[in-house]
Visitor: 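Got a structure for you, questions after.
No experiment lies behind these values; they were computed from the predicted model shown. All chains are named by letter (A, B, ...) in the order of the sequence lines, taking the proteins before the strands, and each is independently numbered beginning at 1.
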2 protein chains.
Amino acid sequence: MDKLDQRIISALAEDGRRSYRDIARDLNVSEASIRQRVSRLTSDDLIRITAVGNLQALGFDVVAMVHFKVLPSRIEEYAQLISEYSAVRFVSISLGNADIIFQSLHTSIPSLHDFVRNELPRRMPDIIATEIFPLVKTLKSSWTWEAWFDLQNQNS
Amino acid sequence: MDKLDQRIISALAEDGRRSYRDIARDLNVSEASIRQRVSRLTSDDLIRITAVGNLQALGFDVVAMVHFKVLPSRIEEYAQLISEYSAVRFVSISLGNADIIFQSLHTSIPSLHDFVRNELPRRMPDIIATEIFPLVKTLKSSWTWEAWFDLQNQNS
DNA sequence: AATGAAAACTTATTATT
DNA sequence: AATAATAAGTTTTCATT
């Protein structure tokens with residue numbers, strides 16, 4: 001991951017459909033070079049070029065963050081199980097006052113409730129506590145990297 | 001937002017660089033029609049085609065979710081202010097036991113601490129409580145929509 | 001890893017329904 | 001809102017450094 005990789009990622013974060021040729025002109029390298037690096041970044045799963053959307057604007061009416069505390073020995077296993085649900089779009093293992101944090105999408109509040117309070121505990125009996133945070137409005141969901149790569153480079 | 005829009009979004013979520021021509025062939029419409037709809041979806045800010053990445057894999061070592069409780073009259077204002085920071089990549093207003101939930105990226109734990117415990121409270125005196133959830137490992141960060149559009153359509 | 005060359009393919013614009 | 005036509009631009013492949 002060198003500065004050229006970072007500049008390519010920044011360009012594609014800005015506009016995922018920008019032509020490789022155009023990026024190449026901008027960065028003074030060949031088009032094939034951009035193509036080769038994007039293939040590597042993509043096949044190594046470092047980046048993914050994709051359509052992201054504002055969930056609320058797209059009609060996903062019930063979006064929530066959910067916290068689970070679970071028996072310590074079950075954390076990894078349960079995080080994996082939670083990842084299998086298509087309602088769940090994001091799963092992380094956390095330190096602090098929650099062991100697993102995930103984001104879940106539903107068509108109604110009762111279906112969110114049923115999923116978190118019935119469906120998941122049925123499969124995962126060692127869940128100790130749950131906390132639900134319904135998201136009302138998303139003000140920022142940012143996909144640019146420049147500021148971040150800059151900061152990383154300053155400190156290295 | 002009709003079924004054609006949903007199919008286009010699904011295709012671009014799968015591969016944001018797939019050619020409009022190829023999508024058009026698949027969906028039995030003209031290339032210009034795909035182009036026109038993608039332009040609309042993009043300029044209406046319903047979707048964005050972008051490079052997303054695994055933050056930990058890209059070297060963003062300290063990623064945390066942060067919860068704030070704030071004076072009720074300040075929630076919107078503070079959520080806006082938090083959105084202005086480039087360290088902050090996601091900001092939502094929440095119901096339940098937190099008023100504002102955001103994701104923040106840092107190069108070290110002390111810098112996360114300084115940001116959340118000093119920098120933000122200095123600008124936002126009506127923060128009542130903070131809670132930090134450092135993310136250790138992200139198991140899923142999914143950008144596909146098929147399952148979701150299917151569910152929406154069943155219920156409508 | 002990076003490159004240039006060139007055939008095959010895609011995009012973007014225009015005019016039309 | 002969708003389309004066909006088409007000139008301009010891009011991608012992909014391959015041989016070379």
Visitor: Side-chain N or O of A/Ser30 less than 4.0 angstrom from OP1 or OP2 on C/dG4?
Guide: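 Looking at the OP1 and OP2 atoms of C/dG4, neither is under 4.0 Å from any side-chain N or O of A/Ser30.
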Visitor: In whole angstrom, give the distance that lies between atom CD of A/Glu31 and atom P of C/dT10.
Guide: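 Result: 15 Å.
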Visitor: Which nucleotide wins on minimum distance to the side chain of A/Gln36, given the candidates C/dA1, D/dT12, D/dT3?
Guide: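 Among C/dA1, D/dT12, D/dT3, the one nearest the side chain of A/Gln36 is C/dA1.
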Visitor: Among the candidates C/dA1, D/dA2, C/dA12, find the nucleotide nearest to the side-chain atoms of B/Arg35.
Guide: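 Selected nucleotide (nearest to the side chain): C/dA12.
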Visitor: Between B/Lys69 and B/Asp126, does any side-chain N to carboxylate O distance fall below 4.0 Å?
Guide: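 No salt bridge links B/Lys69 with B/Asp126.
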Visitor: Flag the pair A/Arg7 and A/Glu146 as a salt bridge only when some basic side-chain nitrogen lies within less than 4.0 angstrom of an acidic carboxylate oxygen.
Guide: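 The answer is no: the pair does not qualify as a salt bridge.
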Visitor: Taking DNA chain C as the partner, which of residues 17-29 of chain A come within under 4.0 angstrom of it by heavy atom?
Guide: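 When residues 17-29 of chain A is checked for heavy atoms under 4.0 Å from DNA chain C, the hits, listed by number, are A/Arg17, A/Val29.
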Visitor: Can you identify which nucleotide, out of C/dT3, D/dT3, D/dA2, has its nearest atom closest to the B/Arg37 side chain?
Guide: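 The closest nucleotide is D/dA2.
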Visitor: Return the value, rounded to whole Å, for the distance between atom CD1 of B/Ile34 and atom C1' of D/dA4.
Guide: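 Going from B/Ile34 (CD1) to D/dA4 (C1'), I get 15 Å.
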Visitor: Does a side-chain N or O of B/Ser33 approach OP1 or OP2 of D/dA1 to a distance below 4.0 Å, or not?
Guide: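 Result: no.
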Visitor: Restricting to side-chain hydrogen bond (donor to acceptor under 3.5 Å, both in side chains), what partner residues turn up for B/Arg21, sequence neighbours left out?
Guide: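 So B/Arg21 forms no side-chain hydrogen bond (donor to acceptor under 3.5 Å, both in side chains) with any residue.
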Visitor: Walk me through it: do A/Asp99 and A/Arg74 pass the test salt bridge (charged side-chain N to carboxylate O under 4.0 Å, His left out)?
Guide: CA-CA 10 Å; A/Asp99 299 316; A/Arg74 298 287 194 201; over 6 Å; no
Visitor: Ring centroid separation for B/Phe133 and A/His67, is it under 6.0 angstrom?
Guide: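 Yes, the ring centres sit under 6.0 Å apart.
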Visitor: Under a 4.0 Å N-O cut-off, is there an ion pair linking B/Glu31 with B/Arg35?
Guide: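 Salt bridge flag = yes for B/Arg35 with B/Glu31.
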